Amino acid sequence: MVDNRTWADKIRALKEQKNAVILAHYYTRPEVQQVADFVGDSLALSQQAADTDADIILFAGVHFMAETAKVLSPDKKVLIPDPEAGCSLADSCDAEAFRRFLEAHPDHIVVTYVNTSVEVKAMTDICCTSSNAVKVIRSLPADRKIIFAPDRNLGDYIKRVTGRNDIVLWDGACHVHENFSLEKLLALKKEHPGAKVLAHPECKKPVLMAADFVGSTAAIIDFVGTDGGREYLIATESGILFELREKYPDVNFIPVPPIDSTCGCNDCQYMKLVTLEKICRALETETPEVVIDEEIRRRAERSIRNMLALK
């Protein structure tokens with residue numbers, strides 16, 4: 001049986017041989033993050049890859065992330081180690097169903113979260129991330145109605161923060177962030193009275209209302225660095241714990257349990273499909289490759305560029 005160190009050595013050799021760059025999301029396995037050139041949130045990773053002179057981008061993450069990398073780097077070969085690594089949130093917004101939804105709500109500005117398929121992005125006026133969603137909504141004309149998709153929890157959070165009650169929400173959600181237990185979170189707060197609760201805005205409203213800070217994955221990591229606390233309860237996918245503990249080894253991080261405790265933690269089953277062996281095989285064979293229709297790619301890129309143009 002090949003161990004992780006051997007796979008990692010093979011991957012590093014293949015990277016150099018093929019002029020490849022490896023991107024890994026914070027939610028992937030620790031050993032996957034360790035072999036990556038860049039670790040971060042999905043859109044920031046795609047932007048970093050576009051700025052490199054790599055011939056190949058391997059995205060250790062889920063499918064919509066690799067699609068986004070291809071949208072922003074059409075001249076590079078983009079690989080995804082496991083094409084079955086989907087996303088419950090992106091999958092909750094089927095492109096054809098979304099098209100019909102837009103037809104039923106004409107004259108709305110369409111804002112979609114980056115956690116969507118390239119086909120949905122192609123029907124979008126402007127994309128957003130969990131970091132800039134509030135900024136994007138506030139940039140839009142006050143007299144225009146808005147459609148926000150696909151995450152109902154993030155959309156509800158945006159409505160509360162911005163006061164834009166004219167936002168029509170698509171009914172989608174992330175299977176990880178939907179599953180945090182408020183009851184177990186409150187019990188943990190009693191056990192750790194000095195700990196602050198840090199939550200991702202994809203969580204349900206009761207969890208967010210109990211949080212001391214709400215922000216994206218990257219924002220949560222940055223918050224710990226500036227806050228100076230010694231203990232935190234973390235309500236987002238458990239993969240973030242590796243980066244948090246690497247950056248802040250003297251701080252105690254406690255994952256908030258899910259409602260269903262059979263697995264013991266909140267893991268994204270899709271992110272965890274990416275392994276070192278699959279990364280190695282993808283680099284060896286240069287497959288599976290992400291291929292996107294050029295017309296759809298250009299329309300999707302427009303929605304992303306509209307977001308990036310915001311100052």
Side-chain angles (χ1 to χ4, degrees), residues 3-5 7-9 11-12 21-45 47-48 60-61 65 129-132 157 174 176-177 179-204 206-259 261 263-269 271-272 274-276 279:
D3 61 20
N4 285 346
R5 180 175 294 181
W7 284 124
D9 289 342
I11 288 166
R12 292 186 183 100
V21 62
I22 297 179
L23 315 178
H25 193 272
Y26 287 126
Y27 294 167
T28 53
R29 299 167 182 264
E31 63 270 22
V32 169
Q33 296 182 44
Q34 287 178 315
V35 300
D37 298 287
F38 302 104
V39 180
D41 282 338
S42 59
L43 182 64
L45 289 172
Q47 290 176 274
Q48 286 174 310
M65 297 177 183
T129 67
S130 52
S131 297
N132 67 16
Y157 171 75
C174 164
V176 172
H177 292 97
N179 200 31
F180 286 107
S181 168
L182 177 63
E183 180 182 357
K184 293 174 183 177
L185 169 58
L186 295 178
L188 273 177
K189 288 187 72 171
K190 286 184 178 180
E191 293 174 22
H192 304 271
K196 289 184 178 179
V197 179
L198 312 183
H200 194 283
E202 290 177 28
C203 296
K204 290 182 177 180
V207 171
L208 297 183
M209 297 300 288
D212 297 285
F213 175 79
V214 176
S216 68
T217 312
I220 286 173
I221 294 169
D222 290 343
F223 178 85
V224 175
T226 58
D227 182 60
R230 309 313 302 162
E231 192 168 53
Y232 297 92
L233 308 180
I234 306 297
T236 190
E237 208 275 349
S238 60
I240 193 179
L241 296 172
F242 176 73
E243 181 71 8
L244 286 169
R245 289 165 178 161
E246 285 283 297
K247 280 198 165 190
Y248 314 110
D250 297 327
V251 178
N252 187 28
F253 298 103
I254 304 165
V256 176
I259 296 169
S261 296
C263 69
C265 63
N266 268 309
D267 283 344
C268 173
Q269 59 185 305
M271 288 284 192
K272 300 314 190 256
V274 181
T275 65
L276 293 183
I279 290 172

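What you are looking at is a predicted structure, and each value in this text was computed from that prediction instead of being measured.
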Practice task
For residues V35 and I22, report the shortest heavy-atom separation together with the two atoms involved.
Solution key: O-CD1, 4.1 Å

Practice task
Can you see which heavy atom on V176 is nearest to which on N266, and at what distance?
Solution key: O-OD1, 3.6 Å

Problem - Pairwise distance CD1(I234) to CZ(F253) - rounded to 0.5 angstrom - result: 6.0 Å

Practice task
Compare every heavy atom of L45 with every heavy atom of A24, then report the nearest pair and how far apart it is.
Solution key: O-CD1, 3.4 Å

Practice task
Start with the C-alpha gap between Y27 and T236, add the side-chain angles, then the distance that decides, and say whether side chain to side chain contact (heavy atoms under 4.5 Å, CB included) holds.
Solution key: CA-CA 9 Å; Y27 294 167; T236 190; 2.8 Å; yes

Exercise for the section: Using the test side chain to side chain donor-acceptor pair (under 3.5 Å), find all partners of T275 that sit at least two apart in sequence or belong to another chain. Expected result: none

Fill in the blank from the handout: E243 meets the side chain to side chain contact (heavy atoms under 4.5 Å, CB included) criterion, sequence neighbours left out, with Y26, Q33, I221, K247

Fill in the blank from the handout: Between A195 and L233 the two heavy atoms that sit nearest each other are CB-CG, 4.0 Å

Practice task
Mark yes or no for whether K184, through its side chain, and P258, through its backbone, hold a donor-acceptor pair below 3.5 Å.
Solution key: yes

Problem - Of all pairs that satisfy salt bridge (charged side-chain N to carboxylate O under 4.0 Å, His left out), the ones with a partner from residues 248-257, not counting sequence neighbours - result: none

Exercise for the section: Classify the angle between the aromatic ring planes of H177 and H200 as parallel (below 30°), tilted (30 to 60°) or perpendicular (above 60°). Expected result: tilted

Practice task
List the steps, then state whether side chain to side chain contact (heavy atoms under 4.5 Å, CB included) holds for T129 with S216.
Solution key: CA-CA 8 Å; T129 67; S216 68; over 6 Å; no

Handout entry: Atom of S181, atom of V256 and distance for their closest heavy-atom approach
Key = O-CG1, 4.2 Å

Fill in the blank from the handout: When rounded to the nearest 0.5 Å, the distance separating CG of N179 from CG of D267 is 11.0 Å

Handout entry: Side chain to side chain, D37 and L23, heavy atoms closer than 4.5 Å
Key = no

Exercise for the section: Would you give the length of the straight line joining atom CD of E191 to atom CD1 of I254, rounded to the nearest 0.5 angstrom? Expected result: 8.0 Å

Problem - Atom pair OG1/CG of T217 and D41 - distance to nearest 0.5 Å - result: 4.5 Å

Problem - Residue pair L185 / F180, side-chain heavy-atom distance below 4.5 Å - result: no

Exercise for the section: With sequence neighbours excluded, give me every salt bridge (charged side-chain N to carboxylate O under 4.0 Å, His left out) pair touching residues 222-241. Expected result: K196-D227, E237-K272

Handout entry: Nearest non-hydrogen partners of V274 and G61, listed with the distance
Key = CG2-O, 3.6 Å

Exercise for the section: Please name all residues satisfying side chain to side chain donor-acceptor pair (under 3.5 Å) with D3, sequence neighbours left out, ordered by chain then number. Expected result: T6

Handout entry: Side chain proximity check, Y232 to L244, heavy atoms < 4.5 angstrom
Key = no

Handout entry: Residues that F223 engages under ring pair (Phe, Tyr, Trp, His ring centres under 6.0 Å), provided they are two or more places apart
Key = F213

Completion exercise
Separation between SG (C203) and CG (L208), nearest 0.5 Å, reads 5.5 Å

Handout entry: Heavy-atom side-chain proximity of P257 to L188 below 4.5 angstrom
Key = yes

Problem - Side-chain touch K190/L186, heavy atoms, less than 4.5 angstrom - result: no

